[in-house]
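One structure is given below, encoded as structure tokens.
For the numbers below, each heavy atom of this structure counts, side chains included, while hydrogens, waters and symmetry mates do not. The shown structure was predicted, so the numbers you read here are calculated from the model rather than taken from an experiment.
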Amino acid sequence: MHRGFWDQLPEPILGLSPMDGVTDAAFRFIVAQCGKPDLLITEFVSVEGMNVGNPEKVFLPFLYDEIERPIVAQVFGTNIDAFYQAAIMVHHMGFDGIDINMGCPAKNVSAKGAGAGLIRTPDLAREIIRAVKQGAHDAHQGKTIEDLKIPQRTKDFLAKTYSKHRATQLLPVSVKTRIGYDEIVVEKWVENLLLETPANISLHGRTLMQMYSGTADWQAIARAAKIIKATTTSVLGNGDIKDLSMAKDHITNFGVDGVLIGRATFGNPWFFSQKEVHISQRLQTAIQHAYKYEEIYGTTFFHPMRKHLAWYTHGFEGAKELRVQLIKSNSAHEVEEILRRHLQEGGN
């Protein structure tokens, strides 16, 4: 088994959980700057889209900055050949690892057999891991993006966009998944995945049918962790971690190597540093975040930034009124005007 950067991570591992529509390049940059976690993982990208789609749109989740390292690209899908080619692309994009999403519960993903839908097709799941490992190996041995049967437009886009990032190491392959589909089958499921010796398995403590409702079942994670820890694969737990004290308790009590933390970081990019910041600094960071978003994505599609602005503006006098204004903003300049006016008027 090749573990790559996973063997260099501090113990216990504290990582930012990948979340579609949240952990984009701008948010990851701000988190890395405010209090960098041990591990950052991108939003997921469809391997089928990587092979045939519009590269300017398809690869947006894979934009990253060197400050984020180690940075892992997350992919999803069902097509074996597309996974193989995706691994080669990810290698030459300079990522430190590649993670296969086998946990997304969204209907438009799982209904096609991808994401958590793969829990129902364990043979296919193993075949996907093998294909990704083979692609990573072949890329490390010299196979290039130019060798792939993908549109020339995609080849040109990748060569231009990722020219500053250098591929040097063999990519370790990891999996992020759930404890079951419509029932908890986590012991049998991880035993199946371990047949392909992934570098790491991250477990969200809910079934697909639970989506994000109820509470994460950390006892189920612990049972799986016991199986995984008997191998050379590491295991991360995920679900309902509210602060670093809780993270450390769960790592100790449930036998995992670390945790991935998601919702607790919303509006709090200082989460991993445990830094207490004044409201004024929070708002200044919101402005910086908006400008970083605009730098990466432009102003034509600014509304995804609005949810972050809403998360920054909680728990202080006048926050509700600010949120009402910010959720209508269309540019970083507008955000700055709104927040600076609040600060100048004596806002905290």
Side-chain angles (χ1 to χ4, degrees), residues 18-32 40-69 71-79 81-101 104 106 108-109 112 114-115 132 135-136 139 143-167 171 288-308 329-335:
M19 295 167 283
D20 187 41
V22 177
T23 54
D24 60 23
F27 181 61
R28 295 194 315 271
F29 179 89
I30 294 296
V31 169
L40 287 158
I41 307 172
T42 71
E43 301 168 278
F44 62 13
V45 172
S46 161
V47 293
E48 288 86 2
M50 289 172 69
N51 281 262
V52 300
N54 175 356
E56 288 80 8
K57 180 179 180 180
V58 168
F59 290 96
L60 277 178
F62 280 178
L63 297 175
Y64 71 93
D65 190 278
E66 288 294 313
I67 193 177
E68 298 174 53
R69 293 195 185 279
I71 177 72
V72 176
Q74 191 179 77
V75 293
F76 77 99
T78 58
N79 184 279
D81 187 57
F83 269 107
Y84 171 80
Q85 297 205 112
I88 294 170
M89 286 184 260
V90 167
H91 171 88
H92 290 292
M93 292 157 81
F95 282 97
D96 298 297
I98 183 167
D99 189 77
I100 306 166
N101 183 296
C104 179
N108 64 332
V109 174
K112 297 175 183 177
V132 173
K143 192 160 188 175
T144 69
I145 290 174
E146 282 298 326
D147 296 325
L148 302 180
K149 295 178 180 179
I150 58 175
Q152 188 61 46
R153 178 182 176 185
T154 298
K155 296 177 181 179
D156 294 342
F157 172 84
L158 294 177
K160 178 182 177 181
T161 305
Y162 294 91
S163 60
K164 64 181 180 181
H165 301 303
R166 290 288 177 265
L171 287 177
Q288 181 191 2
H289 189 167
Y291 275 109
K292 189 65 181 179
Y293 181 92
E294 196 172 89
E295 173 191 326
I296 296 170
Y297 302 107
T299 59
T300 57
F301 197 58
F302 192 76
H303 80 260
M305 181 63 211
R306 295 172 184 168
K307 59 180 172 291
H308 290 279
S329 61
N330 291 301
S331 70
H333 179 69
E334 284 184 35
V335 171

Distance-only, no hydrogens or angles: does the [X] side chain make a donor-acceptor pair with backbone N or O of [Y] under 3.5 Å?
{"X": "T23", "Y": "T42", "result": "no"}
{"X": "Y64", "Y": "A73", "result": "no"}
{"X": "D156", "Y": "R153", "result": "no"}
{"X": "K155", "Y": "E146", "result": "yes"}

Under a 4.0 Å threshold between the charged nitrogen and the carboxylate oxygen, would E43 count as salt-bridged to R28? no

Closest approach of [X] and [Y], non-hydrogen atoms and distance?
{"X": "H308", "Y": "P304", "answer": "CD2-O, 3.9 Å"}
{"X": "G77", "Y": "A114", "answer": "O-CB, 3.7 Å"}
{"X": "V109", "Y": "G115", "answer": "CG1-N, 3.7 Å"}
{"X": "E56", "Y": "L60", "answer": "O-CG, 3.4 Å"}
{"X": "I41", "Y": "I71", "answer": "N-CD1, 4.4 Å"}
{"X": "E66", "Y": "H165", "answer": "OE2-ND1, 2.6 Å"}

Any side-chain heavy-atom pair of [X] and [Y] under 4.5 Å:
{"X": "L158", "Y": "H92", "value": "no"}
{"X": "F76", "Y": "C104", "value": "no"}
{"X": "T299", "Y": "H333", "value": "no"}
{"X": "F27", "Y": "L40", "value": "no"}
{"X": "Y293", "Y": "F29", "value": "no"}
{"X": "F62", "Y": "M89", "value": "no"}
{"X": "F302", "Y": "S329", "value": "yes"}

Results of side-chain contact (heavy atoms from CB on, under 4.5 Å) for A332 - residues two or more places apart only: A290, Y291, E294

With sequence neighbours excluded, tell me which residues meet side-chain contact (heavy atoms from CB on, under 4.5 Å) with N79.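 Here the qualifying residues are E48, D81, A82.
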
Looking at CD1 of I88 and CG of D147, how far apart are the two atoms once the value is rounded to the nearest 0.5 Å? 7.5 Å

First locate atom OH of Y297, then atom CD of E295, and finally report the distance between them rounded to the nearest 0.5 Å. 11.0 Å

Any chance you could lay out the side chain to side chain contact (heavy atoms under 4.5 Å, CB included) test for I145 and H91, step after step, and finish with the verdict? CA-CA 9 Å; I145 290 174; H91 171 88; over 6 Å; no

Between T78 and K112, does a side chain to side chain contact (heavy atoms under 4.5 Å, CB included) hold up when you go through it step by step? CA-CA 8 Å; T78 58; K112 297 175 183 177; 5.6 Å; no

Assess whether side chain to side chain contact (heavy atoms under 4.5 Å, CB included) is satisfied between V335 and H289, documenting all intermediate values. CA-CA 10 Å; V335 171; H289 189 167; over 6 Å; no

Report the C-alpha separation of L63 and T161 in whole Å, then their side-chain angles, then the decisive distance to 0.1 Å, and conclude whether the side chain to side chain contact (heavy atoms under 4.5 Å, CB included) test is met. CA-CA 8 Å; L63 297 175; T161 305; 3.7 Å; yes

